[in-house]
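Below, all heavy atoms of this structure are taken into account, side chains as well, without hydrogens, waters or symmetry copies. Please read all numbers here as calculations on a predicted model, not as lab measurements. Counting convention: from 1, in listed order, for ligands and their atoms alike.
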Amino acid sequence: MCGIVGYVGCKEAQPILVNCLKRLEYRGYDSCGLAFLGDGLQVYKDVVRIGELEKILPPNGGRVGIGHTRWATHGRPSKVNAHPHVDCRGEIAVVHNGIISNFLALRERLVSEGHHFFSETDTEVLPHLIEKYYRGNLEEAVRRALQDVEGSYAVAVIHRNSGELIAARHESPLLIGLGDGEKFLASDAPALVDYSDRVVYLEDGDLVVMHGEGLKISNQGREVVRKEHHLEWTAKNVGKAGYEHFMLKEIHEQPGVIEEMVGESVSTIEPSVNLEVFIDRTVDGILLLACGTSYYAAMVGQQVLEEIARLPVRVELASEFSYSRTVVGRTLAIAISQSGETADTNRALKKARDLGCRTMAITNVRDSTVTRIAEQSFYTKAGPEIGVAATKSFTAQLIAFYLIALSLAEVDAGTFRHMTQELRLLPSKVQRVLDSEKVIAGHGRRLSGYESVFYVGRGISYPMALEGALKIKEIAYIHAEGYAAGELKHGPFALLREKFPVVALTLRDDTYEAMLSNIKEIKARESPVLALAEEGDQEIAKYVDYVLPLPQTDRLFAPVVISVALQLLAYFAARSRGCPIDTPRNLAKSVTVE
Ligand code: AGP
């Protein structure tokens, strides 16, 4: 949830680290800080964004440094809780991502030994432990300190008497960028795109000593060699490309993402779908595990897999699966996570693995933690997503489900051909939604004037109602709830009135008549209704206040088209309200704590 960066080399560390941290700010942005080895150890931190901190940094010639952008877990966002944390003498600085679960016991022990603590964080035990074990060799002191620690961590450490940077990981990602006479450290690849495309991903238990010229990685005291990878993400695809917000840019990238994913897997010669993963269709069932927006993708995936592949599918919130749930029969458990770092999802997949399930991940990030748990991984091709709200990564997950279902299809040749054709048409249909951006902006502006809104749908539109509500809640701070339309009258109806609008997702499928009845019931309670309906639907306008027409799409594939419209709706509502769209309050891009 936090972002970590580090530098050792021949250049001035400060501008490099500031730039790297700006690239990582979407990971968490409560506060930030930097430490350099220049004239001794210098630490700067505050409850500000990195751009603000940069303005007050004095010139610093240090060529070694570490930096951090925080999403608070232990202790509120404050200057004293911000990283880096230092030891009693102010000689050691540490930045940390993860949670030290035994920090209270460690802290009590260290206090009894004379150490003074200032923050409420779990992290602060680290510099004190390292101080306790330091005998002139920083690597050894860090190794010894980490032996006392339980929990998860990615850490970076510097000491005023040493020109090296020590880093270590356990269940929290960390990678090293390689340069000529310089090395970079980061918790996430986007931090490095301006400096290096040669990277080494650290494994759990790795401890690394970094100098400008050299790199030594050890695991359990033994030196190891980790493979060098080429970083596919570039400065171009982690920039805003002229858009006002990353979110808007990422919404607009969706036709290209879909085209690439479909083009790579669906044969144009004969109708067939070929994937890099192998799925054994003799399993008794599939278990989908995910959180947040990825969970809604899984809800769509459930219907798609059941209908196309004719396999029984169960969907579980990953954060709930860990509690007394079990599996029956031979099950394939699939974790869906754009970041691959969501702690609840990873824990749930581990549990499924321990229960004897075969395992797979659907993720957007290569070498992310989930890919180390799963036996095989299906990589979506969304590219870097910087806006905190999931947009293109969500539609890429939907496409992954269509492709997986079609690779296991139990449908006749005509239906199969029709479905692959529908997939190929999706990029142009999504483009048509994007082309109606101005109209959607008007609806978004209108919604921005309300404090609460319901989103309703039935069948395959129901998960989209949930997703639409999450999106507007997350970025526009409008209270929103998604409902299966039939459920409104079982309680939520009590809230309906003139000042409580409803967004109704009305596909012309077998849910249409029931949706019309629900809409009439809602209108009888005077709530304004905006219907997202298929082009050519003449009927719907008679019953609602506003209609947003969407390209006609086969029912199973409609969630892609609907989701893009809902993303734009939320985006423009948020813009009208002046919200910080890419970095909504209290949130972070990946949720690495349970
Ligand atoms: C979506 O807009 C959210 N930012 C959030 O719900 C997200 O989908 C959830 O935290 C799961 O993340 P993951 O896909 O990286 O596992």
Starting from [atom], locate the nearest protein heavy atom and write down its residue, its atom name and how far away it is, to 0.1 Å.
atom                    : answer
atom 15 (O) of ligand 1 : S339 OG, 2.7 Å
atom 5 (C) of ligand 1  : T293 N, 4.2 Å
atom 11 (C) of ligand 1 : C291 O, 3.4 Å
atom 4 (N) of ligand 1  : E474 OE2, 2.8 Å
atom 13 (P) of ligand 1 : T342 OG1, 3.2 Å
atom 10 (O) of ligand 1 : V591 CG2, 3.9 Å
atom 14 (O) of ligand 1 : S294 OG, 2.6 Å

Testing the basics here: between [X] and [Y], what is the closest heavy-atom pair and its distance to 0.1 Å?
X    : Y    : value
Y571 : I581 : CE1-CD1, 3.6 Å
A396 : V257 : CB-CG1, 4.0 Å
N364 : G383 : ND2-O, 2.9 Å
A361 : A374 : N-CB, 3.6 Å

Does the pair E307 and R555 meet the rule for a salt bridge (Lys or Arg N to Asp or Glu O under 4.0 Å), with working shown?
CA-CA 11 Å; E307 210 162 311; R555 180 180 60 85; 2.4 Å; yes
If you count heavy atoms of other groups shown closer than 6.0 angstrom to CZ of R577, is the number above 12?
yes
Please check if atom CD in E259 has more than 12 non-hydrogen atoms from other residues, nucleotides or ligands closer than 6.0 Å.
no
Atoms in ligand 1 with a heavy atom of [X] nearer than 4.0 Å:
X    : value
V388 : 4 (N)
A389 : 2 (O)
S337 : 13 (P), 14 (O), 15 (O), 16 (O)
K471 : 1 (C), 2 (O)
G292 : 6 (O)
A390 : 1 (C), 2 (O)

What orientation do Y195 and F184 show, parallel under 30°, tilted 30 to 60°, or perpendicular over 60°?
parallel
H83 and H96 aromatic ring geometry - parallel, tilted or perpendicular at 30°/60° bounds
parallel
Is there a polar contact between ligand 1 and I336, counting only N or O atoms under 3.5 Å apart?
no
Is it the side chain (CB and beyond), the backbone, both or neither of E341 that lies under 4.0 Å from ligand 1, heavy atoms counted?
neither
Is the charged tip of R446 near the ring of Y546: under 6.0 Å from the six-membered ring centre and within 45° of its axis?
yes
